[in-house]
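Report on the structure given below.
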Amino acid sequence: MDLSIKQGVKLLATGSAVPNLSISNDLISTFVDTSDAWIYSRTGIKERRVVSGSSSLIDIAALASDRAMHKIQMDPKDIDLIILATSTPNDLFGSASQLQAKISADNAVAFDITAACSGFIVAMVTASQFIQNGTFSNVLVVGADILSKWTDWSDRRTCVLFGDGAGAVILQSSSVINNSVLGFKLNTDGKKYDQLNIHYDMVDSWRNSIHNGLYGRFNTITMNGKEVYKFAVSRVPESIQFCLNSLNLSVAQVDWLLLHQANARILKAVASRLMIPLDKVISNLAKYGNTSAASIPLALDEAIEDSLISQGDLIVMSGFGAGLTWGTVVLKWQS
Ligand code: COA
């Protein structure tokens with residue numbers, strides 16, 4: 001029990017949403033030089049969901065949130081804080097306020113967190129701090145991304161990897177003894193920001209922008225796949241081991257390893273380095289690909305819906321990605 005906290009954190013409910021449109025590996029093979037065999041063997045991905053028509057980030061984020069609230073009959077007016085982890089906002093000033101309006105959480109403070117595929121973990125930690133120090137009682141944490149809008153669909157090195165989705169969790173204050181968020185570790189290595197990014201090209205001068213009406217523009221995703229792979233399989237096990245050591249927990253006590261769903265080979269390599277058997281590794285990667293900030297809460301929601309996770313289970317969740325950023329949260333499941 002951590003005596004420095006004023007309140008514990010309880011995870012009350014989860015929800016998730018993905019767009020209806022599915023893009024299979026075979027379909028991608030019709031417009032870039034790739035194959036289902038290559039994609040599946042290198043990544044574990046079979047298909048991904050992509051928003052279409054007028055459907056937006058806010059639509060899927062709101063649906064995931066509504067589903068989580070519905071499970072516990074929560075009145076949105078009781079939410080104190082909404083944290084939306086996303087790298088694909090509707091509005092560069094932040095999209096959380098649109099989510100707040102859409103779900104009618106009129107009393108909630110709302111803001112975005114941008115930390116790419118680590119975004120949900122950073123948001124969970126931030127939310128937990130606000131609860132544990134006594135500031136807020138009911139917090140909605142949403143991870144949502146629509147990277148399909150930022151993908152170069154003619155680049156086979158990246159377009160096969162990503163998909164769109166949203167996942168939500170509702171955290172609530174509890175007694176300190178029932179605290180579920182046991183520990184965490186967050187890291188950043190900004191020197192490697194260019195290994196995976198969506199770069200903004202600025203015009204060279206303010207005067208040019210007046211004359212040309214051009215202020216710059218964002219590029220599509222660029223990635224050094226090999227470097228990102230090496231980074232993930234080395235840093236993530238370190239982060240997990242650090243958390244477990246600081247909590248005096250052994251790897252054998254971990255019931256579920258829930259990693260950011262980036263690549264099946266990364267999931268296997270991290271589990272193998274930690275000597276965690278593969279039947280403790282949660283994965284829905286084949287169906288959705290890499291959904292960035294959504295991947296962990298989406299997989300968590302599905303694992304709970306499938307009754308994989310039981311009362312008292314210890315879940316280790318780790319995110320990693322652009323920044324470069326990575327982080328771990330150790331959670332005890334008690335509903
Ligand atoms: N289909 C067919 N061939 C492809 C391909 C595709 N979709 N993508 C790349 N290739 C080709 C490359 O062009 C290269 O060909 P060449 O040798 O003729 O140049 C060959 O496959 C090997 O490319 P390489 O990049 O070395 O493949 P890889 O085994 O490293 O796998 C990734 C590529 C992207 C799957 C892998 O590096 C990876 O998963 N990295 C981590 C990415 C990630 O998870 N990012 C998000 C983190 S949040």
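Counting starts at 1 for both ligands and their atoms, in listed order.
- Checked by atom type, the side-chain pair N224/R157 shows no donor-acceptor distance below 3.5 Å.
- Residue-ligand proximity, H260 to ligand 1, at heavy-atom distances under 4.0 Å covers atoms 48 (S).
- Between the side chains of D155 and T158, at least one donor N or O sits under 3.5 Å from an acceptor N or O.
- Counting protein heavy atoms under 4.0 angstrom from atom 25 (O) of ligand 1 gives zero.
- The N/O atoms of N263, backbone and side chain alike, include one that comes under 3.5 Å of an N/O atom in ligand 1.
- T222 and N197 share a donor-acceptor pair across their side chains, judged by distance under 3.5 Å alone.
- Checked by atom type, the side-chain pair S148/D164 shows a donor-acceptor distance below 3.5 Å.
- Side-chain contact of N290 with H260: a donor-acceptor pair under 3.5 Å is present, judged by distance alone.
- Listed by atom number, the atoms of ligand 1 under 4.0 Å from C117 heavy atoms are 48 (S).
- With sequence neighbours excluded, no residue satisfies ring-ring contact (aromatic ring centres under 6.0 Å, His included) with F162.
- For T43 and N263, the side-chain atoms include no donor-acceptor pair closer than 3.5 Å.
- Ligand-side atoms of ligand 1 in range of G321: 48 (S), range being under 4.0 angstrom from any heavy atom.
- Considering both main-chain and side-chain atoms, T43 never comes within under 3.5 Å of ligand 1 through any nitrogen or oxygen pair.
- In this structure, atom 3 (N) of ligand 1 is in close contact with the protein, since a protein heavy atom lies within 4.0 Å of it.
- Distances from atom 42 (C) of ligand 1 to the heavy atoms of M223, R157, R42 show the closest one on M223.
- Although no hydrogens or angles enter the test, the distance criterion places no donor-acceptor pair under 3.5 Å between the side chain of R235 and the main chain of W326.
- Among protein heavy atoms, atom 41 (C) of ligand 1 sits closest to G225 O, 3.5 Å.
- Distances from atom 10 (N) of ligand 1 to the protein include at least one heavy-atom value under 4.0 Å.
- Under the 4.0 Å distance rule, the nearest protein heavy atom to atom 16 (P) of ligand 1 falls outside the cut-off.
- In terms of modelled atom types and a separation under 3.5 Å, the side chain of R156 and the main chain of T34 share no donor-acceptor contact.
- Taking every non-hydrogen atom of T34 and a distance limit under 4.0 Å, the qualifying atoms of ligand 1 come out as 1 (N), 2 (C), 6 (C), 7 (N).
- Close approach of ligand 1 to N290 is summarised as follows: ligand atoms under 4.0 Å from at least one heavy atom of the residue are 46 (C), 48 (S).
- For atom 30 (O) of ligand 1, the closest non-hydrogen atom of the protein is K226 NZ, 3.2 Å.
- Scanning the protein for heavy atoms near atom 8 (N) of ligand 1, the closest one is W38 CH2, 3.3 Å.
- In terms of protein heavy-atom proximity, atom 47 (C) of ligand 1 is nearest to V228 CG1, 3.6 Å.
- Using a 4.0 Å cutoff on heavy atoms, D33 counts as a contact of ligand 1.
- Near R265, the atoms of ligand 1 lying under 4.0 angstrom from a non-hydrogen atom of the residue are 29 (O), 31 (O), 36 (C).
- A search for salt bridge (charged side-chain N to carboxylate O under 4.0 Å, His left out) contacts involving K287 returns E302, not counting sequence neighbours.
- For the pair Q132 (side chain) and F130 (backbone), a donor-acceptor distance under 3.5 Å is absent.
- Every atom of ligand 1 is numbered from 1 in the order shown, and the set under 4.0 Å from a heavy atom of A262 is 44 (O).
- Using modelled atom types, one side-chain atom of D112 and one backbone atom of S95 make a donor-acceptor pair closer than 3.5 Å.
- Closer than 4.0 Å to atom 19 (O) of ligand 1 lies none of the heavy atoms of the protein.
- Defined by atom type and a distance below 3.5 Å, a donor-acceptor pair is missing between the side-chain atoms of E47 and S24.
- Taking every heavy atom of F320 and a limit of under 4.0 angstrom, the matching atoms of ligand 1 come to 48 (S).
- Annotation: atom 14 (C) of ligand 1 to nearest protein heavy atom, R156 NH2, 4.6 Å.
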